[in-house]
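Every chain is numbered from 1 and lettered A, B, ... according to where its sequence line falls, protein lines coming before strand lines. The structure displayed is predicted, hence computed values, not measured ones. Scope of the values below: all heavy atoms of this structure, side chains included, with no hydrogens, waters or symmetry mates.
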Amino acid sequence: MSVRVRFAPSPTGHVHIGNIRAAIFNWLFARHCGGKFLLRIEDTDRERSTPEACSSLMDAIDWLGLAADEPPLYQSSRRDSHLLAAEKLLQQGQAYRKPEAAGNGPGAVVFRIPYETDRIPFIREAGPAELNVHPDEPVTVSAEGITFAQVSRKGKPMPAGCCLAGAKNLKIFAADICLFDLAEHMAEITQGAAFSLEKADKISFLRREVVFEDTVKGLLAKPLDGVKDLVIVRSDGNPVFHLANVCDDAFQQITHIIRGDDHVENTFRHLLLFNALGFAAPVYAHLPMIVNAAGKPYSKRDGDAYVGDFRNRGFCADALFNYLSLLGWSPGDDREKMTRAEMIELFTQERVKSAAAQMDVKKLTHLNWMYLSEMESGEFCRNVWQALAGCPWRPPAEDDDYFRKVCGLMQSRANVFSDAAEWLYFFDENAPVDQAALDKQLARQGVKEALHALARLLDECNFSEEALAAALRAAEVAAGLGEGKLNQPARIAVTGTTRGAGIYETMAVMGRERVMQRLRHTLELTQ
RNA sequence: GCGCCCAUCGUCUAUCGGAUAGGACACAAGGUUUUCAUCCUUGUAAGCGGGGUUCGACUCCCCGUGGGCGCGCCA
């Protein structure tokens, strides 16, 4: 069977890097196996799902090049099918209706964790179990499960309970006298009878557990006495996530579910749902979380954890993709910067780690710098132009020859596209000046004279790099300065900053008019 | 409270019982350079603690500790 995986976000708010990393891993796995990568929009939460969130989600997916192999499936369009599945479970006795508290209207539909598990291969017996219960609270037993109170460390009753299946062969004791034996009352309970036992102090049962092999976390087990029956259709008639999720994974014929490990606990119940619905269960792989610089999980409140933010901050999609792929995964050798083809070839779920990874923006920035410096110059220009959209100033035009030259000169120095905001001096004669640095340079013996001499020499200069260098040398000689001593003063006088590309190249790119204007302006102000 | 999961330099990671625990980012020092960036050298820096198993443990097991997740008619 060919591999089919999916990314199934819910369109509430912006897409989080943790989510998109899950998408990346799914995508890589699908490509690695020659399988299909699908997209499913889980928009069943009508109150929180918005069209804006949907389009921002699509933007992020497009931007990162995570194209799906089939049209996206909107979960809300499958509502009837979900309800049909619930109806089927109801008819088969694998689900029941919870009575509505107010007594009006049909109650929520609840999936019953199956009591008979002989035919369910992923459930195994884990041996007999005993639990002390608090005698002040009754132990109740019905087809909907059992409830009781555990004894806290301080001797207080703590409410607890589980599905009926969690307590196979349940016996309830008071002072070692058996008050109730589930085996004797099974028929009545199936008919709807409920029991309440007072003053019990101990229960015993056969513990069973759900077991599955997670591709990244290994063998995972969960005792059924830690599981409750789960609502699959709300009393308002809407299907719940668990039902919709399982139905749609079956509908889309998903073979592998790769998702965040916050879903591990759901998996035990989803496995049961797949089984009850008659579907083969997919293979599961749970990805470790990505945490923020404080080592805490990213919450919706972390303003810098959205995919769009990284784009706005000037990161390129390939660099972010590459960086995110390295969070919780590595190819096994020392490779870090990889092409997509390499990542696809090397990606296996077995190499995914199971410990949480912390996001390091500095390392991302470094990777981004590498991507930017290797980028085709036209593409670099286009991106810089876009990054400048939010800037108060803009170069004349994206395809402007001068703008392209500036980009070419500065490309290797850019960490992120938005670093271009500091290139203002190329475009605006009134760009800000680092006054302290300027004063410091001009205070040096002979510098002012040299700059005046330079201004005169530049009148005769053809503005090639060689000629500019020669002019600077000549001005130094005329003012009695050592070789190279005029470079920094000239840079500040012309660009207003102490840093940038080589000053000869910079002046050559800027050209006579801009350089002379800026230089004369500086000299006038410092008479 | 109960259940499940996780644990190597500050950070991301390599190591699938066997040599001085390797790489990258960051940081520090030095060199190159026309400032900055680059580039080159070098350096600081790690197996959470305690028990086992073993000739040998970062690696396997147990107990602690710390962290995360889950325990909804949210997804």
Phosphate OP1/OP2 of [N]: any [X] side-chain N/O under 4.0 Å:
X        : N      : value
A:Lys228 : B:rG72 : yes
A:Arg234 : B:rG72 : no
A:Arg207 : B:rG3  : no
A:Arg335 : B:rA14 : no
A:Ser330 : B:rA14 : yes

Run the salt-bridge test on [X] and [Y] with the 4.0 Å N-O cut-off and return the result as yes or no.
X        : Y        : value
A:Arg207 : A:Glu209 : no
A:Glu374 : A:Lys337 : yes
A:Glu422 : A:Arg499 : no

Handout entry: Distance-only side-chain donor-acceptor flag, A:Glu42 / A:Gln75, under 3.5 Å
Key = yes
Exercise for the section: May I have the step-by-step check of ring pair (Phe, Tyr, Trp, His ring centres under 6.0 Å) for A:Phe25 and A:Phe347, ending in yes or no? Expected result: CA-CA 8 Å; A:Phe25 280 32; A:Phe347 186 84; 5.3 Å; yes
With sugar-phosphate meaning primed atoms plus P, OP1 and OP2, does [X] contact a base, only sugar-phosphate, or nothing at under 4.0 Å between heavy atoms?
X        : answer
A:Leu230 : nothing
A:Arg351 : sugar-phosphate
A:Ile503 : base
A:Gln358 : sugar-phosphate
A:Gly260 : nothing
A:His263 : base

Using purine N1 to pyrimidine N3 plus N6-O4 or O6-N4 for Watson-Crick, or N1-O2 and O6-N3 for G-U wobble, each under 3.5 Å, what pairs with [N]?
N      : result
B:rG66 : B:rC6
B:rU20 : none
B:rC27 : B:rG43
B:rG72 : none
B:rA37 : none
B:rU59 : none

Give me the distance, rounded to whole Å, that separates [N] from [M] when you measure between the [atom1] atoms they each carry.
N      : M      : atom1 : value
B:rU59 : B:rU53 : C1'   : 13 Å
B:rG17 : B:rU54 : C1'   : 9 Å
B:rU42 : B:rG64 : P     : 47 Å
B:rG52 : B:rC16 : P     : 26 Å

Handout entry: Exam field: side chain A:Arg97 to backbone A:Gly107, donor-acceptor pair closer than 3.5 Å
Key = yes
Problem - Donor-acceptor pair, side chain of A:Thr117 and main chain of A:Ile123, under 3.5 angstrom - result: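 The answer is no, because no donor-acceptor pair under 3.5 Å joins these two groups.
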Nearest listed nucleotide, side chain of [X], among [options]:
X        : options                : value
A:Lys98  : B:rC69, B:rA75, B:rC73 : B:rC73
A:Lys363 : B:rC69, B:rC6, B:rA24  : B:rA24
A:Gln150 : B:rC2, B:rU38, B:rC69  : B:rC2
A:Val240 : B:rA75, B:rC69, B:rU38 : B:rA75

Problem - Donor-acceptor pair under 3.5 Å, A:Ser235 side chain vs B:rC73 base - result: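 By the distance-only test, yes, there is a pair.
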Handout entry: Donor/acceptor link under 3.5 angstrom from A:Lys362 side chain onto base of B:rA26
Key = no
